[in-house]
S.K.: 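Next up is a structure, given as C-alpha cells.
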Amino acid sequence: MDQSDRSDHLSTTEAAVTALRVIAAECGREIEVTHDIGADQTSRRSAAGFGVTADPDGSLPHEAYAEFGGVPRVSVRLYPDDDALITVEGVAFHDLPRDDVPAFLRAVFGGLAHVRARRFPPTASLVVPLPGDRTYKEHLSASFLTPWLSGRIR
C-alpha cells in the first residue's frame with residue numbers, strides 16, 4: 001500500500017475517477033464508470049427543480065458510479081460533497097472521505113480486508129485497515145457471508 005494515498009487530495013469527482021482507473025489497471029480489473037452531472041441528475045439533489053442543473057452557488061455537481069470486475073464485487077459511488085459509498089460483496093461503507101477511497105480499495109484488492117467473527121454472541125464485521133492505524137468496519141450477518149467473505153474470516 002502506498003503512503004501517498006493518505007496525502008493525495010482528490011479535489012474533484014473527476015480526479016477520484018482517474019484514481020479509480022489507475023487502481024483498476026494496477027490490480028488487473030475491469031472498471032465501468034457512469035457519470036451524473038447537474039443538480040437534476042445527482043442522487044443527493046433530488047429536490048432540484050425540473051431543468052435546474054446548477055446548485056444555488058452556480059456550481060455544477062458531478063457524481064460518478066464505478067463498478068469493478070472480478071471478485072470481490074466492489075462498487076464505488078463518488079458524491080459531489082467529497083465523500084463516497086463503497087460496497088464490497090454487498091457490505092456498504094457509507095460516508096467515507098473521498099481521499100480515503102484509493103487506500104480503501106488497495107486494502108481490499110491487496111488482501112488486507114478481513115472478516116472478524118465471534119461465535120458467541122454470533123457477530124461478524126468486515127474490517128478494512130488503512131495506513132496510519134485507521135480502520136473501517138461494518139457489521140454483517142453471519143448468514144450473509146458470500147464465498148469471498150467466508151474465505152476472509154479470522
S.K.: List for me each residue that meets side-chain hydrogen bond (donor to acceptor under 3.5 Å, both in side chains) alongside T146, sequence neighbours excluded, and say none if there are none.
M.R.: E89
S.K.: Group every Ile, Leu, Val, Met, Phe, Trp and Tyr by side-chain heavy-atom contacts under 4.5 Å, then state whether V76 and W148 land in the same group.
M.R.: yes
S.K.: In the single-linkage hydrophobic clustering (I, L, V, M, F, W, Y; side-chain heavy atoms under 4.5 Å), do L140 and I153 co-cluster?
M.R.: yes
S.K.: Look up atom NE2 in H9 and atom CG in D82, then write down how far apart they are to the nearest 0.5 Å.
M.R.: 6.0 Å
S.K.: What distance separates F93 CZ from F104 CZ, expressed to the nearest 0.5 Å?
M.R.: 4.0 Å
S.K.: Report yes if some heavy atom in the side chain of I31 is under 4.5 Å from a heavy atom in the side chain of R21; otherwise report no.
M.R.: yes
S.K.: Residues two or more places apart in sequence or in another chain: which of them pass salt bridge (Lys or Arg N to Asp or Glu O under 4.0 Å) with E32?
M.R.: none
S.K.: Just jot down the side-chain hydrogen bond (donor to acceptor under 3.5 Å, both in side chains) partners of E138, sequence neighbours excluded, or say none.
M.R.: none
S.K.: State, yes or no, whether a side-chain contact exists between L20 and V33 at a heavy-atom distance under 4.5 Å.
M.R.: no
S.K.: Any heavy-atom pair between the side chains of L10 and P102 that's under 4.5 Å?
M.R.: yes
S.K.: Indicate the atoms forming the closest heavy-atom contact of Y79 with A84, along with that distance.
M.R.: CD1-CA, 4.0 Å
S.K.: Of L126, V88, V91, L149, which meets side chain to side chain contact (heavy atoms under 4.5 Å, CB included) against P72?
M.R.: V88
S.K.: Using side-chain hydrogen bond (donor to acceptor under 3.5 Å, both in side chains) as the criterion, list what pairs up with T18, not counting sequence neighbours.
M.R.: none
S.K.: For residues R134 and P131, report the shortest heavy-atom separation together with the two atoms involved.
M.R.: NE-O, 3.1 Å
S.K.: At their closest point, which heavy atom of V127 faces which heavy atom of P129, and how far apart are they?
M.R.: O-CD, 3.7 Å
S.K.: For R152, which residues count as a salt bridge (Lys or Arg N to Asp or Glu O under 4.0 Å) partner, sequence neighbours excluded?
M.R.: none
S.K.: Taking atom CG of D81 and atom CG of D95, what is their separation to the nearest 0.5 Å?
M.R.: 10.0 Å
S.K.: Side-chain contact test, heavy atoms from C-beta onward, threshold under 4.5 Å: evaluate it for I86 versus V108 and give yes or no.
M.R.: no
S.K.: Do F109 and V74 have side chains that approach each other closer than 4.5 Å (heavy atoms only, starting at C-beta)?
M.R.: yes
S.K.: In Å, rounded to the nearest 0.5 Å, how long is the span from OG1 of T135 to CG of L130?
M.R.: 7.5 Å
S.K.: Return yes if some donor-acceptor pair links the side-chain N/O of R73 with the main-chain N/O of G70 below 3.5 Å, else return no.
M.R.: no
S.K.: Listing request: all salt bridge (charged side-chain N to carboxylate O under 4.0 Å, His left out) pairs with a residue in residues 22-31, at least two apart in sequence or in separate chains.
M.R.: E26-R106
S.K.: Can you name the closest pair of heavy atoms from E63 and L78 and give their distance?
M.R.: CG-O, 3.1 Å
S.K.: Specify the closest pair of heavy atoms between T13 and P80, including all atoms of both residues, with the distance to one decimal.
M.R.: OG1-CA, 4.3 Å
S.K.: Have a look at S125 and tell me which of R118, H114, H139 forms a side chain to side chain donor-acceptor pair (under 3.5 Å) with it.
M.R.: H139
S.K.: How far does CD of E67 sit from OG1 of T34, to the nearest 0.5 angstrom?
M.R.: 8.0 Å
